[in-house]
Amino acid sequence: METHNAKRVEIVIEAPLERRLTDALEEAGVTGFTILPVQGGSGRSGRWSREGQIGRSGMVSVVCLIRPDRLDSLLDAAFTVVERHIGVVSVTDAQVLRAERF
Amino acid sequence: METHNAKRVEIVIEAPLERRLTDALEEAGVTGFTILPVQGGSGRSGRWSREGQIGRSGMVSVVCLIRPDRLDSLLDAAFTVVERHIGVVSVTDAQVLRAERF
Amino acid sequence: METHNAKRVEIVIEAPLERRLTDALEEAGVTGFTILPVQGGSGRSGRWSREGQIGRSGMVSVVCLIRPDRLDSLLDAAFTVVERHIGVVSVTDAQVLRAERF
Amino acid sequence: MGEILTLAGENLLSPIILCFALGLAAALARSDLSVPEAVAKGMSIYLLFAIGFKGGAAVAANGIDAGLLMAIAAGVVLSFALPFVAFGLLRSMTGLSRIDAAAVAAHYGSISIVTFVAATSVLEGRGIAAEGYMVAVAAVMEAPAILSALFLVAKGGSSRQQDGLMQEILLNGSIVLLVGSFLIGAVTGADGLAKIESFIVSPFQGVLCLFLLDMGLVAGRGLRESKAGLSRMTVVFGLTMPLIGAALGALAGLVIGLSTGGLALLMVLSASASYIAVPAAMRVALPEANPSIYLTLSLGITFPFNLTLGIPIYVAAASALTGGGL
Amino acid sequence: MGEILTLAGENLLSPIILCFALGLAAALARSDLSVPEAVAKGMSIYLLFAIGFKGGAAVAANGIDAGLLMAIAAGVVLSFALPFVAFGLLRSMTGLSRIDAAAVAAHYGSISIVTFVAATSVLEGRGIAAEGYMVAVAAVMEAPAILSALFLVAKGGSSRQQDGLMQEILLNGSIVLLVGSFLIGAVTGADGLAKIESFIVSPFQGVLCLFLLDMGLVAGRGLRESKAGLSRMTVVFGLTMPLIGAALGALAGLVIGLSTGGLALLMVLSASASYIAVPAAMRVALPEANPSIYLTLSLGITFPFNLTLGIPIYVAAASALTGGGL
Amino acid sequence: MGEILTLAGENLLSPIILCFALGLAAALARSDLSVPEAVAKGMSIYLLFAIGFKGGAAVAANGIDAGLLMAIAAGVVLSFALPFVAFGLLRSMTGLSRIDAAAVAAHYGSISIVTFVAATSVLEGRGIAAEGYMVAVAAVMEAPAILSALFLVAKGGSSRQQDGLMQEILLNGSIVLLVGSFLIGAVTGADGLAKIESFIVSPFQGVLCLFLLDMGLVAGRGLRESKAGLSRMTVVFGLTMPLIGAALGALAGLVIGLSTGGLALLMVLSASASYIAVPAAMRVALPEANPSIYLTLSLGITFPFNLTLGIPIYVAAASALTGGGL
Ligand SMILES: Nc1ncnc2c1ncn2[C@@H]1O[C@H](COP(=O)(O)O)[C@@H](O)[C@H]1O
Ligand SMILES: Nc1ncnc2c1ncn2[C@@H]1O[C@H](COP(=O)(O)O)[C@@H](O)[C@H]1O
Ligand SMILES: Nc1ncnc2c1ncn2[C@@H]1O[C@H](COP(=O)(O)O)[C@@H](O)[C@H]1O
Ligand code: NA
Ligand code: NA
Ligand code: NA
């Protein structure tokens, strides 16, 4: 089956910033993304868990498949939001089916 | 620690099709997969979120670790289900521990 | 945007062992990880789903971004916990922003 | 007419309608108010269980009569027939493609259980009794419309493999729960009801309020995010089809001789459009149909219309038709 | 005998049993009906809190007597002892390995709180009072059986490092909640109960119905998806072990002089098998044991048996043994 | 003084406080007891809806008077002013940075709705009436403090772009739900309340118990996992600021002539610190501020203090100040 090169970008960011991040991505011309819930984690600021929390707390994971040549503009857009906040950005090489969608 | 080559296939697909997809995977001889919930996303058909939804709405993410030589049969099986529906398929190179399991 | 090499380790493990695994990771000097909920799956021990379950059942997915040179100590730590239990460990090459965090 | 207005006015100022309006307004204003998916599903399980059980207990109290079978037959016929009417209207009034029109039509042949529940509350508030078995009629009306839609598409040439689809539709969670709790209510009767009354009767209205808050939030988010941009004629369809459905439902109900309350409920069922079972079935069976068209129409246009104006109209009409004053 | 049949018949047609049956049937028929995990957990928190609090308030009302301590001691002894009986049976009757047999045995020494709750409902329905502190007995019976299982495996040679396991078991959420709410009920007594009565008493039966619907769904899914294929003798074990457990529980209860209701509940606790606390502990402590064996046995065989036939038998036996008629 | 002690003792032994203590103890002991996020959110929606609706219905019953507007004005002024007091104290007493101090200050200007609800319960328990519109005062006090904090930081030199922040704060889910249900209660009045009373009144205390169990769990986990290590003076701040806030609230309440109950509630609002709306706003607006400082202070120190000792003190003080005996 024919596949096409792509980048898989995963941004773990604080939930209250979700809308700002996705707005920035859309402005940067990103055509699609998928948001996964995050249950807990640990980092320099300690451990946390979503259990029993109320309010828009915790983090979410935003996954973006994108054409390699558009990676830089995506990262720039993401960075404006992530920069001053808690968040982790990683990029992996991937192959996608149906390249026309990206 | 010794690791072995594998492919990590991630299929984001509409929740009502989850069973069809996993049935197709099992028929194609896929020995294991893990289903992650998806909280929301955006694509050509607009933004969506699972919040407050009832019924089998939204999408799920099915992750499959597989021996490289079995990738094509997996993609063929997935494609029969994804083809006419909303869904995104991506493949990444990975290493796994305990290759005998895959 | 400048990125840095990293490894993305994904450990799918039974929920009752979550704390043991994360304790082992922290002991091995892992600085951060993110825990994603898992909704269901299939493997040699059959299909399962979290729906309607009570108690600490099912699995979780622990994702760890780490400097390549620290991969082995992480895998060793993870393996002590995963070894006798149900669990899947995979590693992918990744790039991260802000390497100083890892 | 005056009566309809009074009834509509009272209805508009009831807590459940105001909760729906609050949710709608919050979503349109982009508030981050939201009900967790699990809680929304939990409330829908509660409502289906309560309404099914109470219906079954009512049937146990009154005994089964020929009316039950006739009403069920009427429901099945309506659910099969209404999509053809809807499809015809859509194809002549709007520019929707055959597939989109068929998908929308399936929704209007099927039913909205929340609209049904809201109507039940209005009837109770006015002291109008209804046949307990109307819940069973609601259950049997969920699925047939889907078959009609598939038939309409097949006639258009594109045949499709649908292994297991029928089974999936009939075993849809909401149908199973509604039918199952109806049977449990019918078997355990007044004794069973007495045991769980303070769970399924007393707090019912309050849960319904929060549930409608959530429906408002979901509907509002749908209207805001939808890329569909419904054409004006499509919106007109969403406002007139309920009235046509109600009229056909009234006809059927008069033929089989329902009481005032039963007639009103059959009109409500015919007028209402599904937004749970049918959308999921459409994603599987007619994936090419655009979901934002049928969801926006059903949940964003027809549901609020029925909730606010439709129900008072149908109740008033049923009263007039059966000779009972309001 | 006739009494048992009447009681069993009544029991089988109660809403809670029918809800369990509905869930079981829906899952076996592959319906997609499901209760969200969060809602199921929320209901279990509600049930544990309510049952603990009511038990504590009952103790506060009746005062603490020597019976409380004796009953707790009896519970601890039973929980330690029953796994040895179960293990012996399993090793002689079935082909299960030492580790699988030990893991199963742990489940049968521990208890199922839902079975306990269902039995409480039956007793209430028949107007049979029981000692309020039986809830505390239930709590202390959760954990000891796990130690017995580990001992049985250690005897077999494989020693294992279990740092922190004991603490994890004793601080298991359901034990903490049950004991904690029991203490709160005991401290706040009748006053406290009055404040929250319309939350923990009135809707209790209804919540139990929905919870059992979920238990049926989970049990049915387990039976359907299980790759275990329990051997016939293993199934026989799942049906006889409850009776043996109940007999031993009856013996202990008679020795310490429980009332009819208390005796019935101690029999129920001894007869029931855990499917929450123990499975999680087994995943940590005996990961080589096959979970689908112990889950299927406990939730798919013994739980429905106790719920339908077991409870009426134990209640009838307790009545006969204490000289109280039904 | 004796009265305060009696009141505090009674309060400490109420089910809701004991549930909080149970959660706290379970979390500190590392039990895995936990309430699912969706259930916790569901309960908070229930509580906000119930408290808002009941407040609105009370206003509908008593009519709107000038007091309502004055109380709202007082609330806005207090919410704007208290952060300046808190900021001054923090900068002089503790070593917190300007940004951390401003973030903490925002929390103390805003309010904790659960503390408010707990105080309402205490008042009800003592038969002390309060103005229904105090709920509206609670709602308007949520947000202004955030602006004061931003002003305090801006004065310190770091200006920041905050597009859409204000809108986000005002449309925060909890504010919208509280205000919305207040309005619905006010519009539908006694009729509306009668319809949903057995949902929002009777089970209220019980839901509050489980909610406080969860708050205890979250607070305990926060205390355990926090890497903040609050300095001793910061803890002292967390215990004295509520008293200072309450004193200022009392002053304002006396000026506008509130009743005993209303005065107590305004003191409680002023004394309490936010842990829902403000933390989320701070993550967006002042991300450099350390969340574990403000969360630990607000939820781990001030909330338990108010719940256990604060409320009895404020109620006793309000009684003394308005000449009403306890
Ligand atoms: N190395 C990492 N790998 C995966 N997730 C991480 C990593 N570091 C941080 N995170 C996630 O980001 C959150 C915030 O990290 P921090 O700012 O370091 O406290 C953590 O709670 C994790 O969910
Ligand atoms: N480029 C992408 N990267 C990640 N997820 C995507 C992407 N495109 C689509 N998706 C996911 O697939 C769903 C449907 O996409 P679409 O069919 O384009 O509307 C979206 O809502 C996303 O959850
Ligand atoms: N090849 C695989 N790819 C992804 N996840 C897997 C795979 N094999 C197993 N898993 C996950 O691990 C769980 C236990 O696997 P098993 O021990 O094979 O039953 C499964 O239910 C899946 O969630
Ligand atoms: Na209809
Ligand atoms: Na037992
Ligand atoms: Na305050």
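Every chain is numbered from 1 and lettered A, B, ... according to where its sequence line falls, protein lines coming before strand lines.
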Less than 4.5 Å to any heavy atom of chain F: does that hold for the side chain of D:L13, its backbone, both, or neither? both
Which atoms of F:S181 approach chain D - backbone, side chain, both or neither, heavy atom under 4.5 Å: backbone
How far apart are the closest heavy atoms of F:S198 and D:P203, and which atoms are they? OG-N, 4.0 Å
So which atom in D:V39 and which in F:G42 form the shortest heavy-atom distance, rounded to 0.1 Å? CG2-CA, 3.9 Å
F:I200 CD1 to D:Q205 CD distance, which is reported to the nearest 0.5 Å: 12.0 Å
D:L12 atom CG: more than 12 heavy-atom contacts under 6.0 Å: yes
Chain D contact via F:V187 - side chain, backbone, both or neither, heavy atoms under 4.5 Å: side chain
Tell me the closest heavy-atom pair linking F:I45 and D:P36, and the distance in Å. CD1-CD, 4.0 Å
Can you find a pair of side-chain heavy atoms, one from D:I16 and one from F:I196, that are under 4.5 Å apart? no
Where do D:L22 and F:V176 land on the side chain to side chain contact (heavy atoms under 4.5 Å, CB included) test, with the steps shown first? CA-CA 9 Å; D:L22 173 59; F:V176 168; 4.3 Å; yes
Consider side-chain contact (heavy atoms from CB on, under 4.5 Å). Of F:L171, F:L48, F:L177, F:N172, which one does D:L33 pass it with? F:L177
With a 4.5 Å limit on heavy-atom distance, are the side chains of D:C19 and F:F49 in contact? yes
Under 4.5 Å from any heavy atom of chain D - which part of F:Q167: side chain
Taking C-beta and beyond as the side chain, do D:S14 and F:K195 meet within less than 4.5 Å on heavy atoms? yes
Using a 4.5 Å cut-off on heavy atoms from C-beta on, say whether the side chain of D:L18 contacts that of F:T188. yes
Do you know which of D:A26, D:A29, D:S34 has the most heavy-atom pairs with chain F at a distance under 4.5 angstrom? D:A29
